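Here is how names work: the chains are called A, B, and so on, in the same order as the sequence lines, proteins then strands, and each is numbered from 1. From a predicted model like this one, the values you see are computed outputs, not experimental measurements.
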Protein chains: 2
Amino acid sequence: MQSNQCQPGTLAGEIRVAANRLVRRLRAERGEADLPEHLFVVLTALKKFGPMTPGALAELESVRPPSMTRTVNALSELGFVEKTGDERDKRQVRVELTDRGIAEINETRRRRDAWLTKELSKLGPEDRQALASASEILKTIAGQ
Amino acid sequence: MQSNQCQPGTLAGEIRVAANRLVRRLRAERGEADLPEHLFVVLTALKKFGPMTPGALAELESVRPPSMTRTVNALSELGFVEKTGDERDKRQVRVELTDRGIAEINETRRRRDAWLTKELSKLGPEDRQALASASEILKTIAGQ
DNA sequence: TATTGTTATACTCTATAACTATA
DNA sequence: TATAGTTATAGAGTATAACAATA
């Protein structure tokens with residue numbers, strides 16, 4: 001059932017379809033109060049890696065700089081990040097999590113993954129392990 | 001390294017971030033000539049399941065009926081599907097692959113996954129197996 | 001009345017091109 | 001000149017609301 005998908009070409013299509021379908025489903029399941037995905041991933045990136053420039057965030061998330069400018073501004077208006085100028089290179093901007101941003105990550109995490117968490121709880125440990133491994137692999141591939 | 005992601009809650013976040021990042025990356029890698037993802041997945045669904053109504057396609061892909069109407073019309077204008085009225089229930093529409101649509105699937109598959117296929121070829125068999133398993137699991141979860 | 005699908009309209013997220021400020 | 005970021009504008013894909021046709 002799975003062995004015939006181990007050729008790289010076929011597998012690529014399977015992965016692409018699965019990822020796109022999941023993203024659409026997650027959007028449909030997301031509650032009104034939840035932060036949109038592209039905002040939330042920036043908060044988690046800042047928590048994981050510390051303060052970053054908009055350019056670095058754009059590269060990490062595979063979007064163009066103007067898109068990240070809008071994302072960062074939206075987070076700033078919500079009070080979840082703070083933009084400060086770099087002293088040494090005044091072209092650069094430092095984007096930093098605020099206390100409210102950190103709190104938002106923690107509160108949101110519990111709420112927003114409710115549907116997917118429930119689905120995952122129905123799986124056996126082997127399936128969960130496969131998903132954990134796959135997540136790591138895909139994040140690495142997508143971030144190159 | 002992976003065992004700490006096997007709690008359903010944490011894992012949900014990992015999967016969500018990975019899926020969204022991959023979708024963005026695939027969009028960035030996609031060539032000009034390639035069919036957009038939401039059009040392509042409908043062609044593959046019709047190939048796999050045979051002729052379907054727009055409503056069934058919308059449910060399968062987790063989009064709303066008006067969105068699927070636009071998708072099906074775009075495919076119809078490209079000559080890849082044909083819409084015919086149901087004889088017995090004249091409200092319903094039957095969406096069917098054309099020969100050109102079938103050819104498009106085959107031609108496109110080879111082209112469009114080039115980048116991801118190349119990345120997957122660098123992986124070992126265990127990683128590929130994990131991705132194959134994960135794709136199946138995620139498609140099932142997202143399709144419910 | 002309920003169901004299937006469409007049209008009209010608007011929102012979200014992204015991109016490219018052009019611009020400003022700094023190095 | 002080159003780089004970091006922003007502003008202006010447009011395109012793609014989705015949604016909700018209102019509508020038409022049929023059951």
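Atom CG of B/Leu39 and atom P of D/dA12 are 11 Å apart (whole Å).
Each of B/Asp89 and B/Ser67 has a nearest nucleotide on DNA chain D; the 5'-most of these lies closest to B/Ser67. Between A/Arg94 and B/His38, the one whose closest nucleotide on DNA chain D sits nearer the 5' end is A/Arg94.
Classification of B/Glu107 and B/Arg111 as a salt-bridged pair fails, no side-chain N sitting under 4.0 Å from a carboxylate O.
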CA sep, side-chain torsions, deciding dist, call: A/Val41, B/Arg24, side-chain contact (heavy atoms from CB on, under 4.5 Å): CA-CA 12 Å; A/Val41 294; B/Arg24 287 197 299 275; 4.3 Å; yes

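For DNA chain C, the outermost nucleotides in 5' to 3' order that have an atom under 4.0 Å from a heavy atom of chain A are C/dC13 to C/dA23.
For B/Arg91, whose side chain is taken as the heavy atoms from C-beta onward, the closest listed nucleotide among D/dG13, D/dA21, D/dA2 is D/dA21.
Within 4.0 Å (heavy atoms only), B/Pro66 reaches at least one base atom of the nucleic acid. Within the 4.0 angstrom heavy-atom criterion, only backbone atoms of the sugar-phosphate kind lie near B/Arg27; the bases stay farther away.
The phosphate of D/dG5 has neither OP1 nor OP2 within less than 4.0 Å of any side-chain N or O from A/Thr69.
For the residue pair A/Glu136/A/Thr140, the side-chain donor-acceptor check at 3.5 Å is not satisfied.
Between the two ends of the helix from C/dT1-D/dA23 to C/dA23-D/dT1, each summarised by a five-pair axis, the helix axis turns through 10° (rounded to 10 degrees).
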